[in-house]
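Each remark here refers to the structure printed beneath this line.
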Amino acid sequence: MNPERFGLIGKDGRTLLVVDDDAVFRSRLVRAFRERGYDAVGAADHEAALTVARVETPELALVDLRLPGKSGLDVVRDLRQLDPTTVVVVLTGYGSIATAVESVKLGASTYLTKPVDTDQVLAAFEGESVSSSGPASVPSLARVEWEHIQRVLADCGGNISQAARLLGIHRRSLQRKLAKYPSSR
């Protein structure tokens, strides 16, 4: 395979892989990184990311946690096995302490929750503090509970009965919780 085909090799040699299953979001990020001088390429899932990374291991990788098939944590682990010098930032819409700790254990340098802009991602790659314009917000307990339920439900492949057993609650109680719209932070 020709690495030029993937857009990985450029004048400055800085390569960036964006792994996200949302095609619109992924293409916007790739375009924004290219406009800032990075040789960026996108991948929609674990297999596509590893295919690109095997051709020319990226120096930087932005990996969404929730992907179809294998998770973003699998991508982090496998990218770091291919090249331990790859700087990986994990990005997700479902932030939790448990997944943040797990992503760092697997080799991610940091963990960002959506929404983020390109400048925040670049700051994370450089190891700079990523701060929002306002004061730090702590999600409500209801929001954390909802995110945990969503994560367990996803791990069970959408099987509500199995998720309820793992959560230690009745199936109907879980269905009621799922029917509620998650509270904002």
Side-chain angles (χ1 to χ4, degrees), residues 17-30 42-50 53 61-81 87-121 123-125 129-185:
L17 173 62
V18 177
V19 185
D20 197 303
D21 61 332
D22 182 340
V24 174
F25 181 70
R26 182 179 65 245
S27 66
R28 286 182 181 167
L29 278 176
V30 167
D45 58 23
H46 178 270
E47 290 305 315
L50 290 184
L62 178 65
V63 179
D64 188 24
L65 185 64
R66 294 285 177 197
L67 297 172
K70 292 187 176 183
S71 78
L73 293 175
D74 294 321
V75 175
V76 171
R77 182 195 64 231
D78 294 344
L79 285 175
R80 297 286 294 171
Q81 285 176 352
V87 178
V88 180
V89 171
V90 172
L91 179 65
T92 187
Y94 301 99
S96 75
I97 293 171
T99 53
V101 169
E102 185 64 22
S103 66
V104 171
K105 282 182 182 178
L106 291 171
S109 63
T110 193
Y111 184 91
L112 300 173
T113 55
K114 293 178 183 177
V116 294
D117 62 29
T118 308
D119 293 329
Q120 289 173 313
V121 174
F125 281 131
S129 174
V130 180
S131 61
S132 59
S133 58
S137 64
V138 175
S140 68
L141 185 57
R143 176 68 185 198
V144 172
E145 177 191 39
W146 184 84
E147 289 176 359
H148 178 67
I149 288 170
Q150 292 298 316
R151 193 170 46 257
V152 170
L153 187 60
D155 291 344
C156 293
N159 184 322
I160 292 176
S161 296
Q162 183 182 5
R165 279 191 299 277
L166 289 173
L167 291 167
I169 61 177
H170 192 275
R171 180 184 51 80
R172 287 187 186 192
S173 297
L174 178 56
Q175 287 174 316
R176 279 194 298 276
K177 288 179 181 287
L178 290 170
K180 292 181 182 178
Y181 185 78
S183 61
S184 63
R185 296 178 193 255

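All of these numbers come straight from a predicted model, not from anything done at the bench.
- We find the CG-SG distance between Leu167 and Cys156 to be 7.5 Å, quoted to the nearest 0.5 Å.
- Shortest non-hydrogen contact noted between Ala61 and Leu79 is CB-CD1, 3.7 Å.
- Every pair passing side-chain hydrogen bond (donor to acceptor under 3.5 Å, both in side chains) that includes a residue from residues 160-174 is listed here, sequence neighbours excluded: Arg171-Gln175, Ser173-Arg176.
- Closest of all the heavy-atom pairs between Leu62 and Leu91 is CD1-CB, 3.9 Å.
- Applying the side chain to side chain donor-acceptor pair (under 3.5 Å) rule to Asp74 yields the partners Arg77; only residues at least two apart in sequence or on another chain are considered.
- Considering all non-hydrogen atoms of both residues, Leu112 and Val116 come closest at CB-CG1, 4.0 Å.
- The two atoms that bring Leu174 and Ala164 nearest to each other are CD2-N, 3.6 Å, heavy atoms only.
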Could you give the side-chain donor-acceptor pairs of residues 17-27 under 3.5 Å, partners two or more places apart or in another chain?
residue: Asp20; atom: OD1; partner: Asp22; partner atom: N; Å: 2.8
residue: Asp20; atom: OD2; partner: Lys114; partner atom: NZ; Å: 3.2
residue: Asp22; atom: OD1; partner: Val24; partner atom: N; Å: 3.2
residue: Asp22; atom: OD1; partner: Phe25; partner atom: N; Å: 3.3
residue: Arg26; atom: NH1; partner: Asp20; partner atom: O; Å: 2.4
residue: Ser27; atom: OG; partner: Ala23; partner atom: O; Å: 3.2
residue: Ser27; atom: OG; partner: Val24; partner atom: O; Å: 3.0

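- In the displayed structure, Arg28 atom CZ is contacted under 6.0 Å by at most 12 heavy atoms of other residues, nucleotides or ligands.
- The shortest heavy-atom contact between Ala108 and Val76 is N-CG1, 3.8 Å.
- The side chain to side chain donor-acceptor pair (under 3.5 Å) search around Asp45 returns none, not counting sequence neighbours.
- Distance check: Leu106 CG to Asp78 CG gives 9.5 Å after rounding to the nearest 0.5 Å.
- Contact check for Leu153 versus Leu178: side-chain heavy atoms found under the 4.5 Å cut-off.
- In this structure, Thr110 and Ala124 approach most closely via the heavy-atom pair CG2-CB, 3.5 Å.
- The backbone N or O of Val88 sits less than 3.5 Å from a side-chain atom of Ser109, completing a donor-acceptor pair.
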